[in-house]
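Working notes for the structure below.
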Amino acid sequence: MDNPLKKYIRFATSLHLFSGLPLTKVFYYLCAFTNDRNKMEYNFSDIEQKWQSFWSSHKTFKVEADSSLPKFYVLDMFPYPSGAGLHVGHPLGYIASDIYTRYKRLKGYNVLHPMGYDAFGLPAEQYAIQTGQPPQKTTSQNIKRYREQLDKLGFSYDWDREIRTCDPSYYKWTQWAFLKMFHHWYDMELDKACPIETLIDAFNTHGNTRIKAAHNCKEEFGASEWKAFSDKEKEDILMSYRIAYIGETTVNWCAALGTVLANDEVREGFSIRGDYPVVQKKMKQWQLRVSAYAERLLKGLEDITWSDSLKEMQRNWIGKSEGAQMEFMVKNGSETFSMSVFTTRADTIFGVTFMVLAPESEWVNLLTAPEQKEEVEKYVAYVKTKTERERMSQTHHVTGVFSGSYATNPFTGKEIPVWISEYVMAGYGTGAIMAVPAHDSRDYIFARHFKLPIIPLIEGCDISSESFDAKEGIMCNSGFLDGMTVQEAIPAAIEEVEKRKLGVRTTNYRLRDAIFSRQRYWGEPFPIYYRDGMATPLPESQLPLELPPLDSFHPSSSGEPPLANAKNWTYGEYPLETSTMPGFAGSSAYYLRYMDPHNSRELVSRDSNNYWQDVDLYIGGTEHATGHLIYSRFWNKFLFDLGIVCKEEPFRKLVNQGMIQGRSNFVYRIKNTNTFVSLGLKENYKTTELHVDVNLVENDRLNLEAFRQWNPEYKDARFILENGEYICGWTVEKMSKSMFNVVNPDVICQRYGADTLRMYEMFLGPLEQSKPWDTNGIDGVHRFLKKFWRLFFDKNGELAVTNNPPVEKELKILHNLIRKVEDDIESFSFNTTISAFMIGVNQLTDLDCHKRGILEPFVILISPYAPHIAEELWSLLGNKPSVANAAFPVFNQEFIKELIFEYPVSFNGKLRFKKTLDINMNKDEIERLVREDERTIKYSGGEKIRKIIVVPEKIINIVI
RNA sequence: GCUCGGGUGGUGGAAUAGGUAGACACGCAGGACUUAAAAUCCUGUGGACAGUAAUGUCCGUACGGGUUCGAUUCCCGUCCCGAGCACCA
């Protein structure tokens with residue numbers, strides 16, 4: 001057994017052997033040392049354990065809706081509990097949100113600060129396929145580990161509200177929302193989701209010709225036709241109007257994962273999870289009609305406090321562009337077709353010299369002339385063989401084929417050829433374009449390559465080597481548009497198009513409907529069964545439809561999703577849907593469920609929702625900008641349309657914490673030897689750079705013994721040292737196991753304590769900035785906490801706080817700090833607060849200040865940052881029950897006067913003098929004061945003076 | 001290519017309604033206490049030059065211009081780094 005006493009004796013013995021001192025003397029020194037330590041040292045591990053169990057047993061952070069208190073909702077993006085556990089980068093945002101939460105509580109708010117787990121997902125399933133371990137089991141193990149790690153950091157979550165997306169009582173409401181979407185359609189006139197019954201009524205009276213709806217229905221029909229349709233036909237038509245619908249679409253199919261993926265789960269033709277190739281494939285899939293909300297998703301960005309870059313990312317993703325949809329008559333031999341294109345540059349119509357179709361476009365078959373058939377088919381086949389990545393990487397590789405048919409330019413009347421090329425995408429606009437080579441770089445390159453005519457439309461533009469894409473200049477060669485600026489010509493052209501009935505003004509969005517089914521096991525089952533091949537919703541009373549246990553998580557032998565293997569996966573005699581929902585399903589409304597997590601009758605009760613309303617502060621990474629944060633906003637808007645939630649936007653303010661990168665260390669092995677040379681001397685040798693585990697390195701000094709034991713290969717390693725030490729090189733890289741630079745928060749907690757870790761993570765730099773983790777600086781923060789602790793004790797280790805009234809100097813330190821802490825937290829500058837604390841402690845130490853009137857408020861100020869030490873000191877000062885229930889100290893204006901006195905008035909940047917200025921001074925008094933110095937001033941008026949700037953002959957500015 | 005951020009000591013970073021640049025911390029150097037170590041505390045620390053010294057002078061916020069009594073901050077141009085988007089018609 002390795003108890004502390006044995007360790008202690010072993011340590012003393014080795015000291016005795018090492019130093020040659022008598023054993024008795026060794027014990028004497030050790031005793032003196034440890035006694036001293038026990039008495040007054042800051043014992044963080046005892047303190048932190050004590051208060052963490054206090055908080056948990058007293059449910060200190062439990063909150064209830066209370067209409068007598070103002071509410072505040074602080075939310076973290078809940079984690080996916082991976083098998084690797086947390087590294088030091090994960091808690092950054094959690095620490096920031098916890099500081100804000102604790103601050104808001106001190107300010108008298110009733111703060112909702114919950115936590116949970118985004119527990120469905122691919123990694124657990126992949127692990128299950130490899131090992132046969134059910135995802136239920138590994139997920140709950142991972143959650144347990146996450147919880148242990150989170151608890152050590154002293155977060156003030158209300159754990160009674162914990163949710164897990166894989167819990168049936170939670171995903172009941174994910175399924176419920178899906179059913180609601182199935183039962184609704186989007187009315188473009190009312191601009192909201194409406195019950196499907198209203199659509200059926202409308203079909204019964206007018207058919208679908210008069211209805212403005214978001215849909216993908218291909219037919220038009222009148223009321224009598226509708227009534228004559230069979231049930232199956234009716235159901236197929238309704239399906240093309242539902243907000244949750246099955247539709248055939250080109251999907252991202254990942255063969256390696258055996259599932260379809262959403263656009264945000266794919267990057268450059270490869271899956272984000274696993275980096276497997278993804279191909280485009282037409283499939284019937286469940287989809288959510290997110291595109292119906294495109295305009296509202298865009299508009300809603302105006303009223304929320306998110307960073308500009310994040311809003312910009314969402315705007316790009318939604319990709320609104322305004323222009324016109326125009327009809328071109330196309331002749332293929334004797335047949336004539338009307339083909340529509342979308343353009344934002346209707347003004348360039350006179351420069352259209354050819355048209356281009358996407359190879360996948362439905363027009364290709366109709367418009368291919370018999371004599372070109374062979375060539376077109378060859379080309380289309382060639383395009384199909386290219387992967388998505390190849391098509392993207394070869395952007396300037398021009399390919400294409402002439403279709404053999406000609407369109408007519410409706411304005412010039414000229415015949416123009418129709419081409420087919422991969423540079424036009426089937427998925428955007430109509431899959432066909434009018435090409436204006438003079439003013440679009442892609443059209444220009446194409447025209448040059450195939451020697452098609454180029455007509456310049458802007459006076460004086462140079463198109464000899466490239467197109468003129470800018471929307472500026474005076475129009476020419478453009479008939480009635482000649483002489484206008486481009487900005488005038490665009491609306492004028494659209495107007496003319498509409499007048500001549502050649503097309504209509506249109507807005508196009510890049511945002512596409514979200515593909516909502518995944519052919520995998522570890523997700524929410526769809527509450528859908530198939531009757532005679534028709535997708536039919538389960539009644540709400542059947543929810544939740546629980547995920548059945550499985551023995552094998554592979555796809556079935558016939559290529560069906562894993563759920564096809566489940567026994568009795570039927571509703572009565574009818575088969576249930578075998579796909580499951582994607583990862584974003586469970587995370588789309590979790591912030592609502594936290595408001596009322598135990599409600600078994602509703603997603604969230606009206607009362608709870610009315611009280612908590614929306615998330616006031618949401619902290620998380622930018623990686624969710626185009627995924628979760630779009631889907632959540634969509635989901636919330638849908639629920640808003642149904643009157644289930646009272647706010648249209650779910651996240652009022654959003655802060656993106658930066659990434660914490662790893663700081664890797666290197667050692668330098670001399671080639672073909674087992675000798676390592678220190679950084680400063682490596683130029684003298686031929687060396688190989690090797691990553692070394694950062695846990696064996698301190699302040700870039702290698703622990704030689706630990707290094708030898710790290711890997712058997714290095715057992716006999718020799719070192720060339722500089723000044724007796726081995727200095728390692730370093731660089732900043734992603735934090736990952738393979739770079740040996742992962743720092744586990746548990747290790748830091750054990751060594752320095754959670755309070756030090758929390759403060760250090762904040763001290764590292766601005767919250768929103770990415771920065772490397774560098775353990776080197778942590779001693780400074782730890783030293784500060786020790787100093788802070790010592791402030792409360794005298795030299796004998798006795799609590800030394802007195803009730804003497806503080807003097808003005810001490811009050812100034814305090815009130816300066818109050819203002820600083822308040823300003824910094826409100827502006828999320830948590831890093832600079834730590835400096836202010838350090839200065840404050842140093843000043844109080846110099847003054848030997850032991851006064852309760854100063855120290856007690858100081859404890860409150862520091863408690864959001866270092867809650868454990870604050871609780872301990874708070875209770876030592878005789879307060880009950882918890883500093884979390886204290887009130888934030890009030891900043892006293894009186895001491896601002898003192899600050900003014902201190903601020904030097906500079907003269908010519910060199911001479912300095914101090915002037916006594918009073919906050920109550922008015923303009924005349926200041927003028928008189930300065931006139932005595934024979935200088936003139938300008939004064940713009942105001943209430944308080946902060947500083948006064950003087951230069952030769954005049955005062956330039958008085959800052960108020 | 002387009003959009004948005006950002007370039008400050010050996011290091012992380014302070015300071016922007018223009019006003020003592022480098023707070024605070026790390027590291028480094030020196031010192032105190034100690035038989036010793038640990039811990040703790042104190043001093044110095046952007047660069048160059050001058051002086052025995054206190055101190056003084058000049059140069060310094062990526063680079064080049066501009067506005068201003070005064071610019072790290074505002075404006076124009078250039079370079080570099082990071083993030084996002086990328087045949088979006």
Side-chain angles (χ1 to χ4, degrees), chain A residues 15 18-21 25 29-30 33 36-37 41 267-268 307-317 319-321 323 341-345 348 355-356 358 391-392 394-398 421-425 427-436 439-443 445-446 469 508-511 622-623 625-626 656 658-659 663 699-700 730 760 763-766 768-781 783-784 786-787 790 829 831-839 842 845 903-910 912 947-954 956-957 959-960:
Chain A
L15 261 182
F18 188 72
S19 63
L21 285 171
K25 207 153 192 187
Y29 287 132
L30 277 175
F33 169 59
D36 200 29
R37 196 188 163 89
E41 282 294 295
R267 193 158 43 212
E268 292 180 7
S307 70
D308 290 340
S309 65
L310 195 66
K311 284 187 184 180
E312 195 60 28
M313 278 162 82
Q314 291 222 335
R315 282 194 199 103
N316 287 342
W317 194 258
K320 179 179 182 172
S321 52
V341 299
F342 174 75
T343 180
T344 55
R345 294 292 303 273
T348 59
M355 306 198 59
V356 189
R391 267 179 88 166
M392 282 180 175
Q394 301 172 352
T395 49
H396 293 291
H397 182 71
V398 183
S421 171
E422 58 177 330
Y423 87 88
V424 174
M425 297 191 306
Y428 184 76
T430 62
I433 61 155
M434 56 177 228
V436 187
H439 302 291
D440 182 288
S441 49
R442 296 152 297 167
D443 298 345
I445 294 166
F446 193 81
D469 290 10
N508 231 314
Y509 298 92
R510 202 177 72 108
L511 184 71
T622 12
E623 66 271 21
T626 51
N656 292 118
M659 290 249 282
R663 188 181 187 279
N699 288 336
D700 293 334
W730 62 274
Y760 185 57
F763 191 56
L764 225 41
E768 303 194 42
Q769 188 178 306
S770 284
K771 57 235 161 190
W773 174 264
D774 180 358
T775 311
N776 288 350
I778 201 165
D779 287 316
V781 174
R783 227 169 270 163
F784 156 75
K786 286 200 231 170
K787 276 188 207 170
R790 240 177 277 131
S829 312
N831 52 332
T832 51
T833 327
I834 316 285
S835 304
F837 285 140
M838 288 174 173
I839 296 168
N842 282 339
T845 306
Y903 209 96
V905 177
S906 68
F907 175 68
N908 201 14
K910 307 275 157 105
R912 293 167 198 177
K947 51 190 168 182
I948 185 166
I949 315 298
V950 185
V951 292
E953 306 309 323
K954 56 183 177 178
I956 288 294
N957 202 3
V959 183
I960 52 161

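Residue numbers start from 1 in every chain, and the chains themselves are labelled A, B, ... in the order their sequence lines are given, proteins ahead of strands. Side chains are part of it too, since the values below use all heavy atoms of this structure and drop only hydrogens, waters and symmetry mates. The structure presented is a predicted model; accordingly, all values stated were derived computationally and were not measured.
Residue contacts for A:K320: at a heavy-atom cut-off of 4.0 Å it reaches no nucleic acid atom on any strand shown. Among the atoms of the strands shown, none is found under 4.0 Å from any heavy atom of A:D440. Across all strands shown, A:N656 has no heavy atoms under 4.0 Å from either base or sugar-phosphate atoms.
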| query | Should A:Y760 and A:I834 be marked as a side-chain contact (heavy atoms from CB on, under 4.5 Å) after you check the CA-CA gap, both sets of side-chain angles, and the distance that decides it? | reply | CA-CA 9 Å; A:Y760 185 57; A:I834 316 285; over 6 Å; no
### Message
Under the criterion side chain to side chain donor-acceptor pair (under 3.5 Å), I'd like the reasoning laid out for A:T622 against A:N656: C-alpha separation, chi angles, the key distance, then a yes or no.
### Response
CA-CA 6 Å; A:T622 12; A:N656 292 118; 4.9 Å; no
| request: Verify side-chain contact (heavy atoms from CB on, under 4.5 Å) between A:D440 and A:R345, making sure each step is shown before the conclusion. | output: CA-CA 10 Å; A:D440 182 288; A:R345 294 292 303 273; over 6 Å; no
task = Walk me through it: do A:N842 and A:K787 pass the test side-chain contact (heavy atoms from CB on, under 4.5 Å)?
result = CA-CA 8 Å; A:N842 282 339; A:K787 276 188 207 170; 3.3 Å; yes
- Message: Between A:V781 and A:M838, is the side-chain contact (heavy atoms from CB on, under 4.5 Å) condition met? List the steps.
- Response: CA-CA 9 Å; A:V781 174; A:M838 288 174 173; 4.2 Å; yes
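A distance of about 25 Å separates the C1' atoms of B:rU35 and B:rA29, rounded to the whole Å. Here the separation of B:rG22 from B:rG13, taken at their C1' atoms, is 10 Å to the nearest Å.
At whole-Å resolution of the value, CE in A:M838 and P in B:rC26 are 7 Å apart. In this structure, A:E768 atom CD and B:rA83 atom P are separated by 17 Å, rounded to whole Å. Counting to the nearest Å, the C1' atom of B:rG6 and the CG atom of A:D308 are 15 Å from each other. Computed from coordinates, the A:I839 CD1 to B:rA15 C1' distance equals 12 Å when rounded to whole Å. With rounding to whole Å, A:R442 atom CZ is found 14 Å from B:rA86 atom P. Rounded to an integer number of Å, the gap from A:W773 CH2 to B:rA25 P is 18 Å. Atoms CG (A:D779) and P (B:rA38) sit 13 Å apart, rounded to a whole Å. The nearest whole Å value for the distance from the CE atom in A:M313 to the P atom in B:rG84 is 7 Å.
Within the shown strands, B:rC59 is the pairing partner of B:rG46 under the Watson-Crick or G-U definition, both distances less than 3.5 Å. In this entry B:rG18 has no Watson-Crick or G-U wobble partner, no candidate having both defining distances under 3.5 Å. Of all nucleotides present, only B:rA83 satisfies the Watson-Crick or G-U wobble test against B:rU3, with each distance under 3.5 Å. When both distances must be under 3.5 Å, the Watson-Crick or G-U wobble mate of B:rG10 is B:rC26. Within the shown strands, nothing qualifies as a pairing partner of B:rC88 under the Watson-Crick or G-U definition with both distances less than 3.5 Å. Under the Watson-Crick or G-U wobble criterion, with both distances below 3.5 Å, B:rA71 has no partner in any strand shown. When both distances must be under 3.5 Å, the Watson-Crick or G-U wobble mate of B:rA32 is B:rU40. With a 3.5 Å ceiling on both atom-pair distances, the Watson-Crick or G-U wobble partner of B:rG64 is B:rC76.
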Under a 4.0 Å heavy-atom criterion, the protein footprint on nucleotides 7-14 of chain B, written with B, S and -, is -----BSS
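Residue whose closest nucleotide on RNA chain B sits further toward the 5' end, between A:N316 and A:R345: A:N316. Between A:T430 and A:E312, the residue anchored nearer the 5' end of RNA chain B, judged by the nucleotide with its closest heavy atom, is A:E312.
Ring pair A:F446/A:Y423 is tilted by interplanar angle, where 30° to 60° counts as tilted.
Side chain of A:K786, nearest nucleotide from B:rA39, B:rA89, B:rA23: B:rA39. The A:S835 side chain lies nearest to B:rA23 when the options are B:rC41, B:rC88, B:rA23.
Contact check, A:R510 against B:rA89: no side-chain N or O comes under 4.0 Å of OP1 or OP2. Not one side-chain nitrogen or oxygen of A:R783 sits closer than 4.0 Å to the OP1 or OP2 atom of B:rA39. For the OP1/OP2 pair of B:rG5 and a distance below 4.0 Å, the side-chain nitrogens and oxygens of A:S307 include no atom meeting the criterion.
Base orientation of B:rG31: anti, since the glycosidic angle falls outside 90° of 0.
Formation of a donor-acceptor pair under 3.5 Å by the A:N508 side chain with backbone atoms of A:S321 is not found in this model. Within the 3.5 Å criterion, the main-chain N or O of A:Y428 finds no donor-acceptor partner in the side chain of A:R510.
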